[in-house]
Amino acid sequence: MSEKKKPDRLYIEKKDREDWDRLKDSDSQFAGVDNKDIFLAAMVTGYFEKVEFELKTKDGYFFAHNLKSSEAALVKAIAVSKTGSLDVLLDTEKVYEIAERYATGGLKILKEKIFSGEYGSYSKKLEAELLRQYAKINQSVVTLEE
Amino acid sequence: MKFDYLQMKNFRQYPNAKIEFSQSVTKNFTVIQGVNGAGKTNILNAVTWCLFGDEKHIDKKCKGLPIVNSFALSKCKDTTCEVKVELQLIQSDGKRIRIARCEKWKEQNNNLSKVATAHDFLIMREIERDWVGPIYGDDAQYIVDSLIPPAIEEYFFFDGERMNDYFKENTGKDIKSAVFKISQLELCNSLIEHLSARKTEYLRLTRGLSPEADKIRDLIAIYNNSQQKDIEQKNKLEAEYEEAELHEKEYSDKLRDSSLENIESLESERAALVRELGEINGDIDELEKEKINFLHKNMLVIFAFDALTRTKSLIDAQEEAGMIPSPVQNIFIDGLLKKGECICGSNIAAKDESSCVRRKKVEEFLKQNELSEMTKDLINCNIQIQTMIDQLENFQANTVKLSKKLRDLEEKKRQKNRRVEQIDSEISKSDFEEIRDWEKKRGQWAEEKRKKDNEIAILKRQIDRRESILKANNLKLDQELKKEAKHNSLVNLRRFCEDGIRAAEEVRDSIMRNVKDEVCRKTSEQFLSLIWKKGVYKGVTIDDDYNISVLHISGREGIGSLSAGERQVCALSFMAALNSVSGFDVPIIIDTPLARISNVPTRNIAENLPRYLPNKQVSLLVTDKEFTSEVKQTLNNVVGKTYLINFTEKDYGGLSELVLQT
């Protein structure tokens with residue numbers, strides 16, 4: 001059996017293209033941010049909220065070589081966490097597929113959060129959420145250390 | 001290029017007058033001196049009328065009055081009276097061009113009317129030693145316009161007295177338009193217009209190619225239509241905003257220039273507060289952007305924290321279990337398999353059982369090695385995860401720091417706003433009705449400005465949003481059309497137009513930026529050399545919205561607190577900068593250059609004028625008050641010719657004659 005070709009890009013759902021572009025509009029907090037960074041934000045949001053969708057028709061969004069080492073590690077960690085095994089890392093296509101599914105889920109959440117409230121409310125809510133989670137992380141670290 | 005002479009026949013108050021401009025290289029200034037109303041500005045008008053058929057500097061007094069001299073007209077009973085202005089130029093190669101414009105007027109039964117003439121505008125050109133021509137009408141106008149473009153004449157022939165109000169009357173948009181005009185970018189704009197028209201045409205040709213493409217094309221047409229309407233509406237709102245701003249400024253100036261000391265100081269304080277509030281708002285915007293970027297960066301780690309830690313513990317566990325074999329290069333093991341010989345020398349290519357067993361072992365080793373490749377990846381992954389987790393350590397402290405900075409700025413903004421409200425209330429309670437009225441109107445215009453600003457912001461967002469929808473739909477249309485190879489050329493043509501538009505816009509914007517920077521640099525340089533208060537100002541800046549600011553040495557904006565004379569110097573510097581950057585070699589005429597400036601600074605300007613208009617033939621139209629003995633003495637080295645306008649008031653109007661001073 002021939003070895004599977006490593007995918008060179010990450011995809012989004014084709015019919016969501018407009019929504020992804022919408023995230024970059026001037027009234028969005030992602031205005032001026034590049035595709036890769038928006039994708040990663042959506043991916044972690046989808047992962048955090050445990051929302052994922054299968055991609056029906058794929059549309060290329062950015063090239064994988066644009067991922068920095070830390071960002072590639074993040075994408076891999078999400079796949080490992082999802083499958084519970086490091087073996088998934090042998091299958092890059094699978095790793096990217098998991099990232100794409102979460103990103104698709106995250107997109108819907110981000111869109112809702114950014115555009116449903118008044119301008120600026122998203123960043124306030126995000127800050128509060130991150131501080132809450134950060135406190136939880138610290139709490140769990142303290143508990144572990146104890 | 002230089003002016004050789006200007007001859008006026010029956011033009012306004014000049015029945016017959018000729019100015020022969022100074023041609024000297026060192027004494028390149030010509031001074032024309034006359035009292036107010038003697039006809040100085042009409043010399044400027046004679047030049048622009050001759051060149052463009054338009055008296056561009058006409059004042060209210062003369063507006064509506066016939067161009068023909070009344071005395072000459074009274075003498076031409078029932079016959080036509082000719083008005084003629086002739087201007088002779090000497091080009092840099094020494095060749096002369098004669099430009100003449102005339103009109104014929106007739107008075108009959110107290111009715112004054114213009115009589116049509118076949119050739120009212122002509123030029124003659126000197127080629128070798130002969131005069132060629134005449135060239136008439138549009139052809140002649142084309143030649144004149146290419147020598148002195150009418151759109152930028154105001155940067156060569158200008159009224160010094162109006163300079164005082166230049167930055168009051170002209171907004172960032174006007175400054176931008178001035179920079180655009182001298183950048184000579186009409187070609188870029190025509191290219192953009194042409195490509196846009198072609199693009200629309202190609203879009204039209206896509207009709208009927210496929211039902212899906214038709215659907216998208218119709219959608220694009222609808223969006224384009226709405227986009228155009230919104231852009232027009234935005235431009236209209238921007239013009240209304242600028243008008244409101246001018247009115248607000250007008251009443252603010254009235255309050256500041258009022259003789260009541262407390263109102264004057266309150267208004268100055270309010271103007272300073274409004275400027276500071278603008279700066280604070282800018283700082284808040286920047287800090288908010290910094291904060292959201294910081295949050296987005298950290299959300300990656302915080303939201304995926306459990307995935308990162310879970311992965312890390314799995315890798316750590318593998319490490320502890322010693323499951324990370326030493327890395328061996330795949331290529332080496334691959335080579336052994338291809339060669340059919342193991343590293344120990346035994347055959348692994350043969351079909352016998354022992355060879356097969358050995359081959360299987362090597363293949364297993366290769367598989368293990370795959371894990372080793374992965375292990376390398378895992379080690380790197382582990383390092384990256386650890387770094388991300390470590391960087392999270394200061395998240396809370398940094399968030400608090402950023403939030404505090406923002407809160408402090410918001411508080412500062414609140415305090416300043418409170419003070420602005422106090423001032424509003426104090427001024428509106430003034431004992432003087434006029435002050436209360438001005439304040440009311442100022443407030444109304446300020447409110448109007450605020451409303452327009454909000455509407456513009458909403459519309460801008462809408463336009464940006466639609467732009468991305470249009471982009472997406474254009475892509476969709478291309479994809480749809482590309483399904484059929486025969487439509488590829490149409491797609492390529494449309495793309496070519498889009499790329500061309502983008503490239504032309506980039507070129508235009510980049511040239512505009514460069515020209516703006518150059519104008520800014522020159523204005524600043526000239527302002528600092530002309531201004532008499534040395535060490536008070538840092539220079540002049542032009543921001544991205546083309547608003548001009550004079551920076552005080554303390555860093556605060558100072559254009560609002562400049563005196564009339566200082567404002568005039570600033571505008572004069574700006575004009576000279578535009579003139580120099582334009583690249584057109586045209587003589588300069590300045591009407592009343594020192595009108596608003598008091599005695600001491602005039603000497604300073606007189607000293608510096610020749611220095612910052614090097615190699616330019618300059619004509620100054622001055623009043624007696626401006627052309628003091630001190631100024632005369634200062635300019636003595638550069639003035640080649642001086643004319644005096646002798647003006648006499650008659651029953652039928654004024655008569656002026658020009659007398660060369662020796």
Side-chain angles (χ1 to χ4, degrees), chain A residues 14 17-18 20-33 37-38 40-41 43-49 59 68-82 84-87 89-90 102 106 119-120 122-123 126-127 129-138 140-141, chain B residues 288-289 291-312 314-315 317-318 370-371 373-375 377-378 380-385 387-389 391-392 395-396 399-400 402-403 457-458 460-469 471-473 475-476 479:
Chain A
K14 197 173 179 182
R17 169 64 76 169
E18 217 170 283
W20 284 100
D21 287 343
R22 174 81 181 97
L23 278 188
K24 289 165 88 174
D25 281 350
S26 57
D27 58 339
S28 158
Q29 272 81 356
F30 284 100
V33 175
D37 292 329
I38 296 180
L40 292 176
M43 176 191 76
V44 295
T45 305
Y47 174 79
F48 180 70
E49 302 281 357
D59 196 5
K68 289 185 211 154
S69 306
S70 60
E71 292 160 349
L74 181 74
V75 171
K76 287 171 186 166
I78 297 274
V80 170
S81 174
K82 169 78 179 167
S85 161
L86 290 172
D87 290 346
L89 300 183
L90 284 168
Y102 279 129
Y119 188 77
Y122 160 76
S123 52
L126 178 66
E127 181 186 347
E129 183 63 56
L130 289 177
L131 283 171
R132 206 166 31 243
Q133 289 309 317
Y134 183 76
K136 272 191 196 169
I137 290 167
N138 274 347
S140 61
V141 171
Chain B
E288 274 176 348
K289 261 184 218 155
K291 193 173 168 187
I292 194 74
N293 287 342
F294 172 78
L295 293 177
H296 281 156
K297 192 179 148 214
N298 283 285
M299 91 190 250
L300 298 183
V301 186
I302 295 177
F303 281 174
F305 192 79
D306 75 314
L308 292 169
T309 47
R310 207 174 292 166
T311 307
K312 192 173 164 12
L314 282 171
I315 299 171
Q318 283 223 351
E370 266 178 27
L371 187 66
E373 278 287 313
M374 191 183 95
T375 308
D377 198 24
L378 287 181
N380 185 35
C381 207
N382 217 13
I383 295 168
Q384 295 297 337
I385 290 173
T387 312
M388 282 190 266
I389 292 172
Q391 277 169 358
L392 203 59
F395 172 71
Q396 192 167 10
T399 312
V400 169
L402 278 171
S403 301
I458 293 168
K460 264 187 186 166
R461 278 208 284 273
Q462 207 162 299
I463 290 169
D464 284 353
R465 162 102 188 90
R466 199 179 288 114
E467 194 58 48
S468 55
I469 296 176
K471 214 171 121 190
N473 277 297
L475 264 173
K476 263 191 211 167
Q479 279 164 1

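So you know, we letter chains A, B, ... as the sequences are listed, proteins then strands, and number each from 1. Worth knowing before you read on, the calculation uses all heavy atoms, side chains too, and leaves out hydrogens, waters and symmetry mates.
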S.K.: Please classify the contact between Lys14(A) and chain B as side chain, backbone, both or neither, with a heavy-atom cut-off of under 4.5 Å.
M.R.: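 Answer is side chain: those atoms of Lys14(A) sit under 4.5 Å from chain B.
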S.K.: Quick one: closest heavy-atom pair of Ser70(A) and Met388(B), and the distance?
M.R.: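 Looks like O-CE, 3.2 Å.
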S.K.: Partners of Ser468(B) by side-chain hydrogen bond (donor to acceptor under 3.5 Å, both in side chains), sequence neighbours excluded?
M.R.: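 Per chain and number, Ser468(B) pairs via side-chain hydrogen bond (donor to acceptor under 3.5 Å, both in side chains) with Asp25(A).
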S.K.: Are Glu127(A) and Ser403(B) linked by a side-chain donor-acceptor pair shorter than 3.5 Å?
M.R.: yes
S.K.: Which heavy atom of Ala304(B) sits nearest to which heavy atom of Ile78(A), and what is that distance?
M.R.: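 Smallest interatomic distance, heavy atoms only, reads CB-CD1, 3.9 Å.
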S.K.: Compare every heavy atom of Phe303(B) with every heavy atom of Leu130(A), then report the nearest pair and how far apart it is.
M.R.: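 Heavy atoms only, the tightest pair is CD2-CE2, 3.7 Å.
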S.K.: Would you name the heavy atoms of Val44(A) and Leu300(B) that are closest together and state the gap between them?
M.R.: CG1-O, 3.6 Å
S.K.: Counting only non-hydrogen atoms closer than 4.5 Å, does Lys476(B) touch chain A with its backbone (N, CA, C, O), its side chain (CB onward), both, or neither?
M.R.: side chain
S.K.: Among the options Ile469(B), Thr309(B), Asp306(B), Leu475(B), pick out the one with the most heavy-atom pairs lying under 4.5 Å from chain A.
M.R.: Asp306(B)
S.K.: Excluding sequence neighbours, so at least two apart, what forms side-chain contact (heavy atoms from CB on, under 4.5 Å) with Thr387(B)?
M.R.: Ile383(B), Gln391(B)
S.K.: Between Arg465(B) and chain A, with a heavy-atom cut-off of 4.5 Å, which part of the residue counts as in contact: side chain, backbone, both or neither?
M.R.: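 Both parts, backbone and side chain.
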S.K.: Roughly how far, to the nearest 0.5 Å, is NE2 of His296(B) from CG of Asp37(A)?
M.R.: 10.0 Å
S.K.: Looking only at heavy atoms and a cut-off of under 4.5 Å, which of Glu18(A), Arg22(A), Lys24(A), Glu71(A) has the most pairs with chain B?
M.R.: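 Most heavy-atom pairs within the cutoff with chain B belong to Arg22(A).
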S.K.: Taking the side chain as C-beta and beyond, is there a heavy-atom pair between Leu131(A) and Phe395(B) under 4.5 Å?
M.R.: yes
S.K.: Between Leu295(B) and Ser123(A), which heavy-atom pair has the shortest distance, and what is it?
M.R.: CD1-O, 3.8 Å
S.K.: Considering all heavy atoms of both residues, which atom of Ala307(B) and which atom of Ala77(A) are nearest to each other, and what is their separation?
M.R.: CB-O, 3.7 Å
S.K.: Heavy-atom distance under 4.5 Å to chain A: side chain of Lys289(B), backbone, both or neither?
M.R.: neither
S.K.: Checking Met299(B) against chain A: side chain, backbone, both or neither under 4.5 Å from a heavy atom?
M.R.: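 Both backbone and side chain.
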S.K.: Measuring only between side-chain heavy atoms, which start at C-beta, is Ile292(B) closer than 4.5 Å to Tyr122(A)?
M.R.: yes
S.K.: Using non-hydrogen atoms only, which part of Leu314(B) is less than 4.5 Å away from chain A: side chain, backbone, both, or neither?
M.R.: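 Interface part for Leu314(B): both.
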S.K.: Against chain A, label Asn382(B) side chain, backbone, both or neither, depending on which of its atoms sit under 4.5 Å from a heavy atom there.
M.R.: neither
